[in-house]
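In what follows, every chain begins at residue 1, and chains take the letters A, B, ... in the order their sequences are listed.
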Amino acid sequence: MTDASSNTIIRVALDVPLDRTFDYAAPGPLAIGSRVSVGFGPRQMVGIVLGHATHSEFDLKPARPIEDRLPPLPDDWLALVRFAADYYACAPGPALFTALPPALRAPRPFIPARDPQYRLTPAGRDWQPPRRAARQCELHAALAASPLARSSARAIAADAGRRLDDWLAAGWIEEIDDQPAALTLGPLPALTVAQQQALDQLPRDGFSPTLLFGITGSGKTEIYLRRIAETLAAGRQALVLVPEINLTPQLESRFRARFPNTVIACLNSSQPERARSEAWVAAWQGRARLVIGTRLGVFAPLPELGLIVVDEEHDASFKQQDGLRYSARDLAIWRAHRAGVPILLGSATPSLESWRHADAGRYGRVELAERATGAALPAIHLIDIRRLPLDDGLSVPAIEALARCRDKGEVSLVYLNRRGYSPALSCTDCGWIAGCPSCSAKLVLHLRERQLRCHHCGHHQPVPHACPDCGNPDLKPLGQGTQRVEAALTRVLPGARIRRIDRDTVSHRDAWAEVYQAIHDGEVDVLVGTQMLAKGHDFPTLSLVVALNTDGGLYSADFRASETLFSQLMQVAGRAGRAERPGTVLVQTQLPEHPLYQALCRHDYPGFAATLLDERKQTDMPPYCHQFVVRADSEKLADARAFLGALVAALPAIDGVCVYDPITASMVRLEGRERAQVLVQSAQRGPLRRMLAELTAQAPVLAKPYGRHLRWSVDVDPLEL
DNA sequence: AGCACGCCGACT
DNA sequence: GTCGGCGTGCTC
């Protein structure tokens, strides 16, 4: 028992998966949102002060404030994280700590690096760097145009820090006080009439979600840039969220070129922890005026937020798939609502959720119906392969089209959403198929690496020389992956320069830059690759796209599969063609009459969306209902199922809420654990939320008898069932 | 989640 | 005899 006398009692959230706070004795008043260092059991941890108390039933340990100059975390940020924790059924502690950058999770002070602005001195204006030092010239030119922050200089050249120090010592540049220089804009391309009209239609103030529905190549990014410029000019901050794969150096440099003297902070999970923490704090302090980030960017504190942009809003990478399972797009909407600022959701193939909001008038809809370059839309043709012989998955018409394209000196792209050589390896005698020991998945043959690999866990093994069941040495690869198609193309297009692009060849940033350069330098005739190639990249001489093995998306058990397939095909089709020569897209299929392909050929997203929405309405599926899934996994499937069964039995009946029986997950085994799940859905959010509350109250108690081996989690608004 | 404590098998 | 397996319980 402790009572408040001279000390203050604070309630603190810690990074432990427990749905409660812990009380500590503070040396004096500590504001809500302060970071403190506390002893927790045997270890020292960071706590976030969430409240105060006058007495506590515990014997309190002391909390020490963390002595950096950072202010308490702002109220609106805490409100956002509290909402996310509550909505996605996550304990407040873990939610706070996923939203914080790495450096603020440790019980140590974080002193952000100084980020001064520099400008050229008169002497520096007269001076010129040696002409052959291209980077130096670029840096000098940038400084000549307007004052430049140190962090922005680093984006021009990696060694800019040292250069700036040299120039400072030489007297070419000088530091200026923190007052931000007036907004300078880089070269502005002329807007097309359609772009100008779209821009004019966008709301400028208050919470006003707008769906910017624009086909690939229609110049959505330019619209974002214009609205961001307005926001920055008005002295507000802008937040841009992009899918994981799209935050490329190309995109970043486009923004930097447009806003040369604006401090831009980039936030994504693959950057170094220090850089991410610096960017986060720069946004918090208002030094960074523009934040470009992947989903975790939605948690950047922005004291002067004026605009949010979510690019490719339909993209699945906005949903976090573990821990705090948030949708960055949905949180961005909540955030814009709360801050009372406009939010722009851009896509060529919007999610059905957003499309329906626009249909219902809850979101504005602004359309960009033509390509900004004036290029015609690519002609999409279906190749009916029911009667055609296939050579490693390639039909004769497809091969001929690729050959013609190569002869004309144009680039083509073969799109196939499957890595490796073949998705299965089978015994010709007994039918054995190589499977993963820890997952219920087939092993993928990677011929180049001489391995069988599981694409769901880390398992890999050498390729067996004979069937382990019957000893037959004749093992046959079934189906095609990118490696196999690459090999087939090398065979059928002799002399063609073929480049495979997938996660196995382009592991990271530098590799991608090299490939990109090679394509631009005309060193590639045929690109073979996965989704990686489809997203947001512009290859000027690409005129033909061939899509292989896409029919799977039509029969999939996942009800969202056709939505995703349409969007992927639309996206990859958008890579083909330029103003002077329209592109061609060939889709090999066994089902050419399928409405999805028919709509695709007409470039008719609205028609396809209407069909899908109608289907979803008939079957009571999202967006006509709301869902959450309870997943459980254990060493034995029976335990996971028994727990979920007990849970379902313990839940009260709530009007309008449907709790389905536990089912075995579509992939039963994953990483050595066996999984089952329960789907809960309702047409109304309110009753569904009450059910969720019931569930989170009951589950921990019901899970106890199964001990540590049983794990469970809730996924609100799941993308995959 | 960590991390301690605690109670049963193969080792110097 | 003890090193170490992981089952159980607690952390203000």
Quiz item: Who are the ring-ring contact (aromatic ring centres under 6.0 Å, His included) partners of A/Phe299, not counting sequence neighbours?
Solution: A/Tyr326

Quiz item: Which pairs, with at least one residue in residues 63-75 of chain A and sequence neighbours excluded, count as a salt bridge (Lys or Arg N to Asp or Glu O under 4.0 Å)?
Solution: A/Arg35-A/Asp68

Exercise. Under 4.0 Å from any heavy atom of chain A: name the first and the last nucleotide of DNA chain C that qualifies, 5' to 3'.
Key: C/dT8 to C/dC12

Quiz item: Is A/Gly707 touching bases, backbone alone, or none of the nucleic acid, heavy atoms closer than 4.0 Å?
Solution: nothing

Self-check item: Spacing of A/Arg708 atom CZ relative to B/dG2 atom P, expressed in whole Å
Solution: 12 Å

Self-check item: All pairs passing salt bridge (Lys or Arg N to Asp or Glu O under 4.0 Å) where residues 95-111 of chain A contributes a residue, at least two apart
Solution: none

Exercise. Return the value, rounded to whole Å, for the distance between atom CZ of A/Arg43 and atom P of B/dC3.
Key: 6 Å

Practice problem: Take atom CD of A/Gln44 and atom P of B/dC3, then tell me their distance rounded to the nearest Å. | Solution: 13 Å

Quiz prompt | Spacing of A/Met45 atom CE relative to B/dA1 atom P, expressed in whole Å | solution = 12 Å

Quiz item: Is A/Pro42 touching bases, backbone alone, or none of the nucleic acid, heavy atoms closer than 4.0 Å?
Solution: sugar-phosphate

Practice problem: Mind checking A/Leu14 for me? I need base, sugar-phosphate or nothing, with any heavy atom below 4.0 Å counting as a touch. | Solution: nothing

Quiz prompt | Touch class at under 4.0 angstrom, heavy-atom based, for A/Arg20 against every strand present | solution = base

Self-check item: Sequence neighbours excluded - side-chain hydrogen bond (donor to acceptor under 3.5 Å, both in side chains) pairs with any residue from residues 652-668 of chain A
Solution: A/Arg641-A/Thr664

Quiz item: Any Lys/Arg nitrogen of A/Arg419 or A/Glu449 sitting under 4.0 Å from an Asp/Glu carboxylate oxygen of the other?
Solution: no

Quiz item: So what does A/Phe40 hit on the nucleic acid, given a heavy-atom distance under 4.0 Å: a base, only sugar-phosphate, or nothing?
Solution: base

Exercise. Only pairs at least two apart or in different chains count here, so list each ring pair (Phe, Tyr, Trp, His ring centres under 6.0 Å) that has a residue in residues 268-298 of chain A.
Key: A/Trp77-A/Trp280, A/Trp280-A/Trp284

